[in-house]
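First the proteins, then the strands, lettered A, B, ... as listed; each starts at 1.
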Amino acid sequence: MKKKRTKKRTQHYKKHTGQIPGTLVYTGEKSHKNVKIESFDYTKDSISETILTNIEDAKSFKETDSVTWINIDGLSSIGEIENIGLQYDLHPLVLEDIVNTTQRPKIDEYDDYLFVVLKMLYYDKDENIVIEQVSLVLGKNYVLSFQESEGDVFDTIRERIRIGNGRIRGLKSDYLLYALIDAVVDNYFSIIETLGNKIEDLETDLFEGHSRDNINIEVQQLKREILKVRRAIFPLREIINRIEKGEHPLIYKRTITYYRDIYDHLIQVSENIDIYREMIWSLMDMYMTTISNKMNEVMKVLTIMSTIFIPLTFLAGIYGMNFEYIPELKYRYGYFVLLGVMFLMFLGLLYYFKRRKWL
Amino acid sequence: MKKKRTKKRTQHYKKHTGQIPGTLVYTGEKSHKNVKIESFDYTKDSISETILTNIEDAKSFKETDSVTWINIDGLSSIGEIENIGLQYDLHPLVLEDIVNTTQRPKIDEYDDYLFVVLKMLYYDKDENIVIEQVSLVLGKNYVLSFQESEGDVFDTIRERIRIGNGRIRGLKSDYLLYALIDAVVDNYFSIIETLGNKIEDLETDLFEGHSRDNINIEVQQLKREILKVRRAIFPLREIINRIEKGEHPLIYKRTITYYRDIYDHLIQVSENIDIYREMIWSLMDMYMTTISNKMNEVMKVLTIMSTIFIPLTFLAGIYGMNFEYIPELKYRYGYFVLLGVMFLMFLGLLYYFKRRKWL
Amino acid sequence: MKKKRTKKRTQHYKKHTGQIPGTLVYTGEKSHKNVKIESFDYTKDSISETILTNIEDAKSFKETDSVTWINIDGLSSIGEIENIGLQYDLHPLVLEDIVNTTQRPKIDEYDDYLFVVLKMLYYDKDENIVIEQVSLVLGKNYVLSFQESEGDVFDTIRERIRIGNGRIRGLKSDYLLYALIDAVVDNYFSIIETLGNKIEDLETDLFEGHSRDNINIEVQQLKREILKVRRAIFPLREIINRIEKGEHPLIYKRTITYYRDIYDHLIQVSENIDIYREMIWSLMDMYMTTISNKMNEVMKVLTIMSTIFIPLTFLAGIYGMNFEYIPELKYRYGYFVLLGVMFLMFLGLLYYFKRRKWL
Amino acid sequence: MKKKRTKKRTQHYKKHTGQIPGTLVYTGEKSHKNVKIESFDYTKDSISETILTNIEDAKSFKETDSVTWINIDGLSSIGEIENIGLQYDLHPLVLEDIVNTTQRPKIDEYDDYLFVVLKMLYYDKDENIVIEQVSLVLGKNYVLSFQESEGDVFDTIRERIRIGNGRIRGLKSDYLLYALIDAVVDNYFSIIETLGNKIEDLETDLFEGHSRDNINIEVQQLKREILKVRRAIFPLREIINRIEKGEHPLIYKRTITYYRDIYDHLIQVSENIDIYREMIWSLMDMYMTTISNKMNEVMKVLTIMSTIFIPLTFLAGIYGMNFEYIPELKYRYGYFVLLGVMFLMFLGLLYYFKRRKWL
Amino acid sequence: MKKKRTKKRTQHYKKHTGQIPGTLVYTGEKSHKNVKIESFDYTKDSISETILTNIEDAKSFKETDSVTWINIDGLSSIGEIENIGLQYDLHPLVLEDIVNTTQRPKIDEYDDYLFVVLKMLYYDKDENIVIEQVSLVLGKNYVLSFQESEGDVFDTIRERIRIGNGRIRGLKSDYLLYALIDAVVDNYFSIIETLGNKIEDLETDLFEGHSRDNINIEVQQLKREILKVRRAIFPLREIINRIEKGEHPLIYKRTITYYRDIYDHLIQVSENIDIYREMIWSLMDMYMTTISNKMNEVMKVLTIMSTIFIPLTFLAGIYGMNFEYIPELKYRYGYFVLLGVMFLMFLGLLYYFKRRKWL
């Protein structure tokens, strides 16, 4: 499995090297899935929801005053992406970033649109963390969203648009962008919750002395998971901060408060991640101390046994010698006296260990 | 108990995920307590104190020139909170933050009011730290305070308002806000005092060699307690700093000095927390050194005993052999000569250990 | 002694909690000493030096053009301090900070005066560090200085004012403030010198292998001493930096250079403290390595002895068995052959240890 | 080999000390290679590619409106470099920096040109990292590039200029500079990929317990490699950041987006490097834990064996003594009873170890 | 030697405490050397070089348009220094800083001159690092340089002034200042080269297992050397940075480029120092791992020997007992059977250790 992961990464970077900038290469893993394009076009009063088979169909929405949300699931079809880029007049580098899923979360401001890359995190069924790239383009009256695969994270937003009695239908595309980002960020809370549970399980195991052998490896994997999550989440704070500062004309003052709310959530998530980070280092320390303590215990048992029996054995050895003349051997009660002496030595050593608090 | 804590947290986050922003969900634990609303309305010369059964009764205070303080204990009744929000024209996100007790301390500036979230800390009777959220809204001539449960931390302020010969009655609502924050911050000093005592007890135990087994766990718990306290207190500094900079029209220049005083206190508290943090890491180091030293002692005892008696036992073994022809066995004083030799070896080894400073 | 310290701190904080801001409570330990007020009033040409019994007597100085320095030793008499506050029109929080000796060094700028809190450090006769608070108030033509107890650190300044041929008599109160701060900062150099000597002594002891048992505790105490000193000195840099930036009207451009000089000294002191900090961590590491090395030595002795004698003892045991038919026992030279074999084994093992560089 | 490296570095610095600033000394290692100068001169429609034998031949390109790229491979011929400097009116310090290959990546802005130093990294055939300096000079309509040796990293750019249907031919010299830097940065991805593989191999070895002896040294070398790479790459971020800020008149607004793209790549590379850094520290920790665990295992085996057999041996010794009167020796079943007792002791000790979880 | 160093430092600080600011006290160690004053006065076309016996002789140079460089070697003669101060109208604190050689590198800007303090480093013949203070005063058409002792670091500059075909003669005093600082900074390269060699030697020793006993002390000394060098060099970066920003009227725009060059060198030096710092920490870690590994080896030998021979010895002990009825003793081949059994046990244990990879 490890080998496979290495090879995968290798591939990513290979494609990078020596290419003409602006060349579109999908670097994700879900290449064989179909592209699915769905569009929502709504005003306060009306809504039309369509599954598009062809991106050109979306053209008509661009001119109207209504807010249009076009969601593209699947990035492997380069042609479609290029087509969208043409329709919405996106910079070639934007398109390259959309399909290159090794991007770091970032925000790029263009004259008439805003380009945001962020990461969606979830645990797959094997409890491995999966990171998917979500790219968002905010235009004057539209939002484009690009996902690697069809997810359910935006379902609540679909629902809210359909129902139409909430804030979302009455506000502009910048609020829609907020809603999409908020949906992704809300999802981070369940990630850190799972992380927290994993750390607590590890901790309980450690306190109760279970599973010594692979604790090292588990800690290593948890550390890496935290590293990954940090890397996916932390740059987002800066992005929201820049949106919140409110200098881009596409973001209205009215929605800034909402972006500030996301920012608060992100700070909360980041703090939790850093606490987990600290906890896991702390766990490692505790584990080392536990090992040292155990070795100490082992040493003590060895020392006590050896220290008690080695001199006694020596005494027995003395009277096992075959010298012709050993007067004690002739004494009537020699044997019993010696046994008594040995017992006293035994008690003395016990007392000595007691006093040193080894027993 | 650990399991329970995990589950509780899970619940918090679950509610977060996929909700419409601005939805009010109380995330604290004191859900079944009644909401209690009390109001103080005072000028320099007059004061009226009421327990309100209905928030609408507070309406009349809003228009007057007098300063009104409305204190709400208990956040579980979403309806009441929404009602207050309506009365005082608060943003939905403010209401959401008031009832969501997992908030980080923060300040949000709105056009005609200031919203401050902070954390009250105290130790419960089992010496566990309890963190409660206190939300404060400062308007032109009113302050709203929201607490999770009825506490006594604001009692001194109630008293000062009633007595009325102090500064508080003569000044505006911004001084009242200061007084409330100051009461919470003053309380932090007793928290860090308890923390300090715990660390000193641990240190004394460590120096005197007590309770080896669970010192690891105690240190771990103290570390976590410090983490929690840091997290609750540190963001407050930034908040007070922002108030102190004095750009919000609701904060008069006259009261800035008082906010600066809170800031100084917070710096003092923070410094102490960081000192405790450093001390506890240092303690852990010291503990590791102590373990190493003890193991060294154990090793030495083992080594001394083994090194002395193993060669002697070998000698005894030699003369315990049954060869038919071992000339020494026939010597008249063989036994005594050997005993002498053994005693000399014993002394020699003792001297060797003495010289190596092992004895 | 430890218990006592804990209790003392408890007291400090208790007084804090739940008090009306601006209440004067002396938190230091020198409560029973008398307050001593001395005043210097000087111009370039004249000087008058008085011991005041009553602070009202100082009133006359306030109006004149001459520079007045009023030095108050002893803070326990709250009444006197309040009186001075009234005379010089000081803010209640300033008075509270003067008598609350747990203050952090800080500077507060008021409209017509500047309030500076700093810490004087010295070693008492038991080599324990003592931290006393010095509060300074700089007005247009006066400086007030408040000390916890009568010290001799300002004696050189008294002398320079009396002699009157130096710079001090010709310049304004801002130079006097500088001179007072400079006197305190100069004193820090002897503190870090003592600290440096302590660390070097510890280092020498460690290199020479002395006093193993309490080195742990000594290091711990030194660490704490450094922490204390850092905490007392480091905030002062920021204070001087703010004065040096020269925006307060009471500080003339001419004296800025002198404040810059203090700043340089403080940087030097801070650097030394941080070097000591690093050195003491390094010492601890070195100590751990020393312990590990020693354990290694102990292990080697044990291993060499055991490894040599255990197989020899086994051989002796073999020929000490009572089987009726052991042919070797009958051989004429069996015993000597065995002794020879044993000797060869002994040599072989010695050679083996030699080759492994254990001997 | 180590010795050689040391000597090399010594040489570098020696040349530095006491020289007149602006003296040209080539400090690299490829002194005996020939200098090769190639030039590209292109507009949107035309292109001329030449290998120059003499730098004066390039003079004609300078005046034209077309973009000229002059690539110089080999820096040992000081005369040629000085000649170019004269032709293009470069500052003596620029020339000194071009040939002094110990430069740190940097950007220097001059009135009519921009001077950029960066580092090209590749692994040689012995898997050692090689760092070569690339200096770039951007003028109004030309770019000069200086390489230590002939490399293939710019080949794709040559190709793109020749083909001419891409962006490069239509844009100015600032885009060419971008393309050159981009080619170098793209190459970093393969470096960090190799680094990543090395770390993963080490990790696998460590988990599987291979090659204990030199893991220490390998880790040390990897750490150093990462240090080197960091040092070569990290300053470049700041450089690109400064270009991106776009204040230099030679960088057109249109190409800023492209520089921002490089910046994103560099952040990605830097993040990976820091992750590797953290991973390698973590590996070291894990290795230490593994050693401790192993020692613990060794200790346990020793303790179990000793603790079981030492008391049994003592018992056997008792009945090997030659006292004339030892009643048990006469008993008919004494021997078998003793064997039984020994067996019970053996079982008892096994049970004891089982309960302590040592078995 | 250690004691002496302590005493020396004590002395320095003593002089500090309680002195009137601006009092000149030489704190260096070269008190008995003579002061030597040499002057260079040059324009593009003319040059006059003199050894002055009296500083008043330098007076004439001050008025002229030519650039004057006055170099003072030896600082013990307070009178001379004060005299120069008078001649060139220097602030008393500047003079105090010139003779107080414990200064930290710094820059002070005065109205008509610039005062720079920096540190010259070299290794004396015992390979100990020596730090000397160099103070530079830049005036409109003069530079004063103060050195503790006569050094050769400025010789190349003397030569360049004499030869007069370089840049130096044609430019102003600000270029001379640059040349002097550059000479000092160039010298740092040889310092870090020596440091680098020391670390590599230590590393080689460590890898090859030499000199175990004092490696601890050597590492400690190297760490301290690096600390010293850091402290002497790092503040200089900030100084040059401030000069480079070019706001002082005495620094012409034309020479800024040269100061930027020094800055680059300083960054290079600083980076190397920090790399050495990291390497030495890393070495210490590696050393600890080596110790642990060795202890592990020792443990294994002990365990293998004990585990093999202890049960065998027990068996021999069994048949050495003197019970009257031990049936095995009567068997004809009892002895040989037992030897066989022992041999099989021996093989079994060997196999067991082989499988655990201990052999």
Side-chain angles (χ1 to χ4, degrees), chain A residues 153 155-156 160 166-168 178-179 182-183 186-187 189-190 192-193 196-197 200 203-204 207 257-258 260-261 264-265 267-268 271 275 278-279 282-283 285-286 288-290 292-293 295-296 299-300 302-303 306-307 310-311 313-314 316-318 320-327 356-358, chain B residues 2 5-6 9-10 12-14 16-22 91 93 96-97 102-104 106 108 110 209 212 216-217 219-220 223-224 227 231 284 287-288 291-292 294-295 297-299 301-302 305-306 309-310 312-313 316-317 319-322 326 328-335 338-339:
Chain A
V153 76
D155 276 356
T156 53
R160 279 157 61 195
R167 230 166 277 120
I168 199 161
Y178 152 71
D182 192 49
D186 266 7
N187 205 43
F189 282 97
S190 67
I192 58 168
E193 182 204 321
N197 290 345
E200 280 190 10
E203 199 179 26
T204 312
F207 277 128
T257 307
Y258 293 98
R260 201 163 56 189
D261 195 50
D264 287 345
H265 290 175
I267 293 290
Q268 237 178 298
E271 263 190 351
I275 285 170
E278 192 152 329
M279 272 166 76
S282 202
L283 272 185
D285 266 21
M286 220 179 70
M288 284 302 288
T289 316
T290 311
S292 287
N293 267 329
M295 210 183 300
N296 214 358
M299 288 299 308
K300 265 192 220 157
L302 175 59
T303 306
S306 301
T307 307
I310 282 178
T313 305
F314 165 67
I318 287 285
M321 294 192 297
N322 298 320
F323 282 102
E324 289 195 344
Y325 183 64
I326 304 185
R356 298 205 83 171
K357 298 197 176 148
W358 290 8
Chain B
K2 200 157 279 167
R5 242 179 60 229
T6 315
R9 198 174 52 207
T10 312
H12 285 194
Y13 295 146
K14 273 280 157 57
H16 243 292
T17 320
Q19 247 163 21
I20 305 177
H91 196 283
L93 288 175
E96 195 189 344
D97 288 348
T102 64
Q103 285 305 310
R104 201 173 165 264
K106 67 168 183 172
D108 280 352
Y110 290 87
R212 246 166 329 213
N216 231 334
I217 295 171
V219 166
Q220 203 71 353
K223 268 193 203 166
R224 221 168 271 187
L227 262 178
R231 214 175 142 205
M284 213 52 218
Y287 180 50
M288 284 301 289
I291 293 177
S292 286
K294 270 183 191 153
M295 211 183 301
E297 282 308 300
V298 172
M299 289 297 309
V301 168
L302 174 61
M305 285 312 253
S306 301
F309 285 104
I310 281 178
L312 298 183
T313 304
Y319 294 104
M321 294 193 296
N322 298 319
I326 304 184
E328 295 95 315
L329 295 180
K330 311 276 197 266
Y331 298 165
R332 183 65 180 91
Y333 298 108
Y335 172 58
L338 181 66
L339 283 189

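Distance alone, capped at 3.5 Å, places no donor-acceptor pair between the Gln220(B) side chain and the Met286(A) backbone.
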field: Working for side chain to side chain contact (heavy atoms under 4.5 Å, CB included), residues Asp182(A) and His265(A)
entry: CA-CA 9 Å; Asp182(A) 192 49; His265(A) 290 175; 4.2 Å; yes
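Residue Tyr110(B) touches chain A through its side chain alone, counting heavy-atom pairs closer than 4.5 Å. For Lys223(B), the part sitting under 4.5 Å from any heavy atom of chain A is the side chain, from C-beta outward, and nothing else. Contact annotation for Leu338(B): only side-chain heavy atoms (C-beta onward) come within less than 4.5 Å of a heavy atom of chain A. The contact between Asp97(B) and chain A is made entirely by side chain atoms (from C-beta outward), counting heavy-atom distances below 4.5 Å. With a threshold of 4.5 angstrom between heavy atoms, Ile168(A) does not approach chain B through any atom at all. Contact annotation for Leu227(B): only side-chain heavy atoms (C-beta onward) come within less than 4.5 Å of a heavy atom of chain A. Of the atoms belonging to Met288(B), it is side-chain heavy atoms, and not backbone ones, that fall under 4.5 Å from chain A. Proximity to chain B is limited to the side chain of Asp285(A), based on heavy atoms less than 4.5 angstrom apart.
Listed by chain and residue number, nothing satisfies the salt bridge (Lys or Arg N to Asp or Glu O under 4.0 Å) test with Glu328(B) (two or more places apart in sequence, or in another chain). Listed by chain and number, the residues in a side chain to side chain contact (heavy atoms under 4.5 Å, CB included) with Asp264(A) are Lys106(B), Asp108(B) (sequence neighbours excluded).
The minimum heavy-atom distance linking Ala316(B) with Ile318(A) is given by the pair CB-N, 3.8 Å.
With contacts defined as side-chain heavy-atom distances shorter than 4.5 Å, the pair Ile267(A)/Arg104(B) qualifies.
Remark: Ile310(A) CD1 to Leu302(B) CG distance equals 7.0 Å, nearest 0.5 Å.
No other option in His91(B), Met299(B), Met321(B) has as many heavy-atom pairs under 4.5 Å with chain A as His91(B).
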